[in-house]
Protein chains: 2
Amino acid sequence: MEGEPPLRLRIFDLNCWAIRYLSKRRQERVRLIGDTLRRDGFDLVLLQEVWSEQDYSDLRAKLVGCYPFSHYFRSGVIGSGLCIFSRFPILDTLLYQYSLNGYPYMLQHGDWFCGKSVGLVIIKISGIVFNVYITHLHAEYCREKDAYLPHRLVQAWELAQFIRHTSKAADVVLLGGDLNMHPEDVGIRLLRGWTGLRDAFAEATRFEGCKNGCTLVPDNCFTDKSELLPFPLGIRIDYILYKAISSFTVKCEELKTTTGPALGTDIPFSDHEAVMATLHIWRQGQPVGATLGTADPALADVVAEARTEVGVGLRAAQQQRYSSGRMAVLALLLLLLQAAAALATVAGLGAEQPFPKLSFCLLAFLALGVLVLATGLHVFHTMEVKMLHGTENQMWMALRVLQERP
Amino acid sequence: MEGEPPLRLRIFDLNCWAIRYLSKRRQERVRLIGDTLRRDGFDLVLLQEVWSEQDYSDLRAKLVGCYPFSHYFRSGVIGSGLCIFSRFPILDTLLYQYSLNGYPYMLQHGDWFCGKSVGLVIIKISGIVFNVYITHLHAEYCREKDAYLPHRLVQAWELAQFIRHTSKAADVVLLGGDLNMHPEDVGIRLLRGWTGLRDAFAEATRFEGCKNGCTLVPDNCFTDKSELLPFPLGIRIDYILYKAISSFTVKCEELKTTTGPALGTDIPFSDHEAVMATLHIWRQGQPVGATLGTADPALADVVAEARTEVGVGLRAAQQQRYSSGRMAVLALLLLLLQAAAALATVAGLGAEQPFPKLSFCLLAFLALGVLVLATGLHVFHTMEVKMLHGTENQMWMALRVLQERP
C-alpha cells in the first residue's frame, strides 16, 4: 500500500440527546439527523444517547442504503444509548460495562440506569484493521462539587485499560464519544496518556466550527444557559481521538463542529454539537510500534493525581457504607425491641395499659422499611468500595511499572 | 529460541471453597494450601473462591518467597474470589465482570453477590508473552432444571469474546478455573470452539488422578453426596485450557488431580480437587496464526445451540419482567384506591362508620412494600432482558460470520 494515496475516512460523532418523553423535539431531530447522515455520506457514524431502540431502528431503516452495517449496544435498564453506523462491514463487537456509574437512588440524574459502557466495533477497510470505540461517560452535574468525579475517573481508567488490552492487533484505533470531561481534566489526560490516543481537535490541520472546538455552547437553543455561565464560549466534552498502532500513520486533515441550527431548519441536531473529522491514513515504511504514551514523564504524575481522586472517592464510599450499615443495625435493633414489647404484651405484662396498636404497627413498618433500604444501600456501597479499591490498586501497579521504566 | 529446550511451566488450579463462616475447616485448609504451594513450587497458581481478603493476605504473606508476584481481583459485594500467584512478574491486569450472574433475591445461592468475573494477568517468561485468564462461572444447582443455564451461557460467551479480543498480542493463552460445566456441555463447547482453546485433560500425554479427570468426586469428604448421585465417578468442572497464538507450540506433558486428603493430613484442600498441569512450550519455525476454531464446521451448530438456550432464557426473563411490572402497577392502584378512601373519610363521607385505622395502615404498608419490591424486580429483569437480547444478537452476528466463511 506504500506509495498509494492515503485512505480518507470521514467520521461523524454526536450525542443525540434522544431521551423519550424528556428531550425536546426528539423525533423531529432524529429525523433530521438521519436525513443529514444520508445526504452527507460519512464513513463512520458514532451516536450516543439514542436511548430508544425504536429511534435506532428508524435510523437504521433510513440509513441502510448508505450505511449498510450498524450495531446497537444494549446494557443497563434503558440501554447504553450507543450505536454505530458504518459503510464497511462490522467484523466483530464487544461491550464493556463500567463497574461504577453513579447511584441508583439518584433518580434525578439517572446515569445508573443507562449502564454506561464502551462499545468496540472491528472494521477492516482496504486491509487496514480499525478498532472503533464508542463511549459515553458519567455526566458532570456540578463542576464545583463533582460528586461523580471518582466514578468518572474509574470509567476513564477502565476505558483506557480496555482500549489498551483489546487494540493490540489493530492497525488504527479510533475513539469517539461524549467523555463529559474538559480537555484539561485529569480523566482525559489519564486516558490520552495511558493509551497514547491523540486528540483530533488538537491535531487537525484545518478547523471549522465553534470556538475552541466547543460542543456544548450557550448559543444552542437546547442547552441550559445557567450551567454554562462560567464558560461563555461553551465547553468541549465530545471528542474524536485516534492513534495508529502498527505500520500506519494517521493524520487529522480537517475537524468540524456544527454551529447551531442544521441546514435548512430552525433547530440544531441536539443540545450537543456534532464533531466531524476527516482522517488520512497511510502505510509507513516500518512499524512504528505501539504509541503508548508511557515515554511521557508527566504520565506518572497524571496517574498519581487520578489515584488521589479515586482515593477521595474511596473514603467517601467507605463512609457511606458505614453510615448505611449503622442505620440498618439501628433499624434491626428497633424491630427486635418492638418484638420484645409485643411478646411482653401477649404474655400479659403491662395489661393495665391499653396497647397502642396503630402507632406500634406504623413504627414497625417504618423500621422494616429503613432496614430494607439501609441494607440495600450498604450492599451497593460495599460494591462501590470494592471497585474503587480495585482501581486504586491497579493504578498503583501502573505507577510502579511507570517508575521502574528507564 | 528455536532449538532451545522447551519452557516447562507448572500450573496449579483450585477452587478453594473458602467462604467465611460457612466452609468447613476453612482456615486449616487455607494454611494447608499455602504450605503445599510453598513446598511444591509451581510457576503459576490460580485460585478461586478465596472470598476473604484476609485469607488472600495470609496466603500472600506465606508465599511471597516462592511466588513474589500476586494479584487479587476485587468485584461484587463479596469479591470475585479470584486470585493468582506467580513466580514471574505480573505486567498488567484487567477485570471483566460478567453482565449476568444470577439474581440478588436468590440469597440461598448467593452467586449474584460475588460479582463473577474473568481476570486477566499478563506475564512474560523468557520473552514469551502469556495471557493468563482466571474465572469462576455461575454454579449449577440443579442439572435437570437448570434455571441459570442462560446466565452461564452468557458468561461463557462473554468469556470467549473477552479472551479473543484481549489475547491478540499474546504468544500463549492459558485459562484456569471452575467453569461449572461438564466437558460435553454446550457452554464449554462454545468456549473451546469460539476461542480455539484446548483442554489440558484431553491433550495430556500422561494423566494421574481421579478417574476421567473429575474434580468434584463423591470420595471427597466435603462434597454433597446427594448432588453427585447421578455421577458415581464424580464430575469434571475445573479446567486448565490453553493455546498458542503466534509462533509457539504448547503441549500438556502431564495432568494431575488431587485425590482426597492432602499429604500427611486427614483433609483435602477443598470440596473440589486441584488440577495441576505441566506444559511444555517451544518456538516453531513459522507463525501458526490464531488457532481460532472457526474452521470447525460444527462450531456454527454449537453457536446456534447456545443461542437457542439464551433465547429460552430471554423469554423467561421477559415473562418475569412482565409479571413484576404488573404486580407493581396493581400495588400502585391499591395505594391510589386507599388514598381516595382516606380522602373521602377526611372529607366526612361515611362518617357514620368507624374508620378501620389499623387494617388500613397495614394494607397501605403492604402495598407500598410490594410496590417497591416489584419495581426493583422489574428494573432488574429489564436489565436481564437487555443483556440476554444483546448476547442473542451477538451470537446471531457470529453465526452470520461463520456461515459466510468458506
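Keep in mind it's a predicted model, so treat the numbers as computed, not measured. Here is how names work: the chains are called A, B, and so on, in the same order as the sequence lines, proteins then strands, and each is numbered from 1.
The minimum heavy-atom distance linking Ser75(A) with Met387(B) is given by the pair CA-SD, 3.7 Å. Taking every heavy atom of both residues into account, Asp92(B) and Arg164(A) meet most closely at OD2-NH1, 3.1 Å.
Using the six-membered ring where Trp is involved, Phe365(B) and Phe365(A) have ring planes that are parallel, under 30° apart on the 30 and 60° scheme.
If you measure heavy-atom distances from His71(A) to chain B, the contacts under 4.5 Å come from the side chain alone. Contacts of Leu373(A) with chain B are absent, with no heavy-atom separation under 4.5 Å from either backbone or side chain. When heavy atoms are compared at a cutoff of 4.5 Å, Phe380(B) does not approach chain A at all. Contacts between Val401(B) and chain A at a heavy-atom distance below 4.5 Å involve the side chain alone, from C-beta outward. Only the side chain of Asn393(B) comes within contact range of chain A, with at least one heavy atom under 4.5 Å from a heavy atom of that chain. With a threshold of 4.5 angstrom between heavy atoms, Tyr72(A) does not approach chain B through any atom at all. With a threshold of 4.5 angstrom between heavy atoms, Glu53(B) approaches chain A through side-chain atoms but not through N, CA, C or O. Only the side chain of Leu120(B) comes within contact range of chain A, with heavy atoms under 4.5 Å apart.
Between chain A and the residues His381(B), Glu384(B), His378(B), Lys168(B), the largest count of heavy-atom pairs under 4.5 Å involves Lys168(B). In terms of non-hydrogen atom pairs under 4.5 Å with chain A, the most contact-rich of Thr382(B), Leu358(B), Val372(B) is Leu358(B). With respect to chain A, the highest number of heavy-atom pairs below 4.5 Å among Ala364(B), Gly76(B), Pro89(B), Gly376(B) belongs to Gly76(B).
We find the CZ-NZ distance between Arg74(B) and Lys386(A) to be 7.0 Å, quoted to the nearest 0.5 Å. Remark: Gln394(B) CD to Leu95(A) CG distance equals 7.5 Å, nearest 0.5 Å. Atoms CD and OH, from Gln97(A) and Tyr96(B) in turn, are 8.0 Å apart once rounded to the nearest 0.5 Å.
The neighbour count for Tyr105(B) OH, taken as heavy atoms of other residues, nucleotides or ligands under 6.0 Å away, is above 12.
Checked by atom type and distance alone, the side chain of Gln161(A) pairs as donor or acceptor with a backbone atom of Thr93(B) at under 3.5 Å.
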* **Derivation and outcome, side chain to side chain donor-acceptor pair (under 3.5 Å), residues Asn131(A) and His165(B)** => CA-CA 10 Å; Asn131(A) 270 32; His165(B) 283 281; 5.9 Å; no
